[in-house]
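One structure below.
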Amino acid sequence: MSEKRIVVAIDGPAGAGKSTVARRVADRLGFVYINSGAMYRAVALWALRNGTNLNDMHRLEVLARTAKIEFGVGDGSVHLNGEDVTEALQTAEVSMAASQVSAVPGVRRALIPLQRGIAESSSVVMEGRDIGSVVFPDAKIKVYLDANPGERARRRTLELQGRGESADVEAVTASLRERDERDRTRREAPLLQAPDAQLIDTTGLSLDEVEDKVLQLVRLRTSNGKEVSR
Ligand code: DC
């Protein structure tokens, strides 16, 4: 039996639970976990550090093309130009800048081939905003995770506070709303549910429940995470 590489595409707005669920599903299947948002965040971090104007599309594209972005094997770490920036990528400032940077077409043109390249050598669970719609339109398994805005803001606030950042739910709600609005309405690859993506509303569901739903879908569309040869 020939085994082909499989892509599990997980898209959705911030705070829907994508990262945690995608990582757990990848662990269970033995697939590589890729957080595509971390790539946009890495470019944003570099831009913020060197004072790049976030309206300078050309400069941002150059940064995206020259950034060396690497994922640690199995530990969820992200490296930018050789430095471990995993923690630095998670600040509220970088979140907002990443949303701006990701709206630049040249930045997307630079990063998407890298995302596709990773799936050439391994089966992946990749999460983002346009994974099922643009990066892997032929992915066998597409999931769109959502949750109501109040729940997403609550989760994100707890996450930021857990990291020692000062965050209150009102400020986080406003910032999520702004990011969602930009991510959904930008011209290039806006956040949307691909027609063939399975919607999972995670409001009120436990992580175990969401993970089970995704794994069920994988089982339904493959043979236990392995492509059936035809
Ligand atoms: O998933 P995240 O919050 O880490 O993503 C950070 C930003 O990057 C988000 O506001 C939108 C953008 N992004 C994107 O445009 N396309 C992706 N595939 C992933 C993230």
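Whatever order the structure lists ligands and atoms in, that order sets their numbers, starting from 1. Here the structure is a predicted model, which means the values were calculated and not measured.
- With sequence neighbours excluded, the residues satisfying side-chain hydrogen bond (donor to acceptor under 3.5 Å, both in side chains) with Asp208 are Arg24.
- When atom types are taken as modelled, the side chain of Arg152 and the backbone of Ala147 share a donor-acceptor pair closer than 3.5 angstrom.
- Counting only N and O atoms by type, the side chains of Ser122 and Arg5 include no donor and acceptor under 3.5 Å apart.
- Checked options Val32, Val25, Asp27; the residue passing with Leu29 is Val25 (criterion: side-chain contact (heavy atoms from CB on, under 4.5 Å)).
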I'd like a table of the close N/O pairs between ligand 1 and the protein (anything under 3.5 Å), one pair per line with both atom names and the distance.
unit_1   : atom_1 : unit_2 : atom_2 : d
ligand 1 : 1 (O)  : Arg129 : NH1    : 2.8
ligand 1 : 1 (O)  : Arg129 : NH2    : 3.4
ligand 1 : 3 (O)  : Arg41  : NH2    : 3.0
ligand 1 : 3 (O)  : Arg129 : NH2    : 3.1
ligand 1 : 3 (O)  : Arg179 : NH1    : 3.0
ligand 1 : 4 (O)  : Arg41  : NE     : 2.6
ligand 1 : 4 (O)  : Arg41  : NH2    : 3.3
ligand 1 : 10 (O) : Arg179 : NH1    : 3.2
ligand 1 : 10 (O) : Asp183 : OD1    : 3.4
ligand 1 : 10 (O) : Asp183 : OD2    : 2.9
ligand 1 : 15 (O) : Ser102 : OG     : 3.3
ligand 1 : 15 (O) : Arg108 : NH1    : 2.8
ligand 1 : 15 (O) : Arg108 : NH2    : 3.4
ligand 1 : 15 (O) : Arg186 : NH1    : 2.8
ligand 1 : 15 (O) : Arg186 : NH2    : 2.9
ligand 1 : 16 (N) : Arg108 : NH2    : 3.0
ligand 1 : 18 (N) : Ser36  : OG     : 2.9
ligand 1 : 18 (N) : Arg129 : N      : 3.2
ligand 1 : 18 (N) : Asp130 : OD1    : 2.8

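- With hydrogens and angles disregarded, a donor-acceptor distance shorter than 3.5 Å links the side chain of Thr86 to the backbone of Val78.
- Partner of Ser102 under the side chain to side chain donor-acceptor pair (under 3.5 Å) criterion, chosen from Glu188, Arg186, Arg129: Arg186.
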